[in-house]
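Step one of this worksheet: look at the structure below.
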Amino acid sequence: MARPELKLYLAAPRGFCAGVDRAIKIVEMALEKWGAPVYVRHEIVHNRYVVDALRDKGAVFVEELDECPADRPVIFSAHGVPRSVPAEAERRHMIYVDATCPLVSKVHIEAERHTEAGLQIVMIGHAGHPETIGTMGQLPDGEVLLVETEADVGTLEVREAERLAYVTQTTLSIDDTAGVVAALRVRFPSIVGPHKEDICYATTNRQEAVKAMAAEVDAILVIGAPNSSNSRRLVEVGARAGCGYSQLVQRAADIDWRALEGISALGITAGASAPEVLVREVLDAVAERYDVTVEKVETAVERVEFKVPRVLREKVE
Ligand code: SF4
């Protein structure tokens with residue numbers, strides 16, 4: 001039987017961002033430099049495929065520092081860590097490498113500067129996400145107030161309404177965040193914010209590409225992990241931009257083919273922590289069932305690269 005025709009819109013950019021690329025390189029280079037096992041506090045990036053591949057090479061993933069022996073190196077994930085974590089590693093005389101994305105570190109520095117200037121910080125982010133925990137943990141407990149939604153702004157209890165600043169998680173929905181910022185500005189007109197919001201270039205670009213394809217397609221598949229904030233935001237962006245079926249899949253085996261029956265145009269993208277090999281796997285699975293014509297939806301060209309820390313660039317002693 002002839003395969004049905006399908007127009008496939010492939011988002012560009014998609015998948016790995018510079019921060020994820022760097023974090024994975026850090027683990028690989030640490031394994032080369034110090035040998036296995038190298039401990040990693042939290043999933044280095046939120047993707048099971050990536051984590052399993054590094055585990056096979058000798059990385060050991062733990063949730064807390066006290067699960068690591070003091071005599072093995074430990075790496076902190078790309079999402080960032082509270083200050084107490086490197087402080088504890090130093091107290092235990094551990095070798096540690098911080099794989100926090102430089103764009104997350106930038107937010108940490110912003111929060112610190114505002115605090116030094118006597119401002120109280122409001123963080124827009126998701127409760128319990130490691131990045132939010134890390135950013136809030138740059139300052140003493142209770143110093144940073146968390147808001148997740150516009151409704152939260154109404155119930156905020158601040159120290160002084162005239163002495164406030166806000167920072168955001170880097171992987172939020174651009175549109176939702178604009179709503180929360182607007183609500184903050186209405187309630188606290190003198191609140192100080194970043195020049196450009198803290199949502200990073202990779203999150204922004206991936207969301208723009210999904211918006212650009214949403215009107216053309218009957219369904220969107222976002223390749224990414226359920227605990228990946230930026231991947232889940234891509235699913236929401238697709239749905240809000242008018243696509244009737246916007247779905248997260250970790251890999252080809254997760255695709256609900258029944259739900260795709262009768263479609264003539266499909267959009268595919270991948271979150272910032274999803275490797276291209278999984279995109280290829282999904283494309284191959286689609287091509288087995290459909291007569292596919294691929295069109296690239298390119299809304300930006302990314303040339304961002306981050307260096308790994310110096311300790312890993314130095315030769316093995
Ligand atoms: Fe860094 Fe953005 Fe990638 Fe997060 S999504 S690791 S902030 S570049």
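Heavy-atom basis, side chains included; hydrogens, waters and symmetry copies ignored. Atoms within a ligand are numbered from 1 in the order they appear, just like the ligands themselves. Numbering of residues begins at 1 and proceeds along the displayed sequence.
Checked by atom type, the side-chain pair Thr299/Asn205 shows no donor-acceptor distance below 3.5 Å.
Side-chain atoms of Glu216 and Glu295, non-hydrogen and from C-beta on, never get closer than 4.5 Å to each other. Glu314 is listed as a side-chain neighbour of Lys33, based on a closest heavy-atom distance under 4.5 Å. A 4.5 Å side-chain heavy-atom check between His79 and His46 finds at least one atom pair inside the cut-off.
Listed here is the closest heavy atom pair of Ser246 and Leu234: OG-O, 4.3 Å.
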Query raised in the report: Hey, mind stepping through Arg113 and Glu110 against salt bridge (Lys or Arg N to Asp or Glu O under 4.0 Å) and telling me if it holds?
Result: CA-CA 5 Å; Arg113 289 208 180 125; Glu110 262 170 43; over 6 Å; no
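Atom 2 (Fe) of ligand 1 has Cys200 SG as protein N, O or S atoms under 2.8 Å away.
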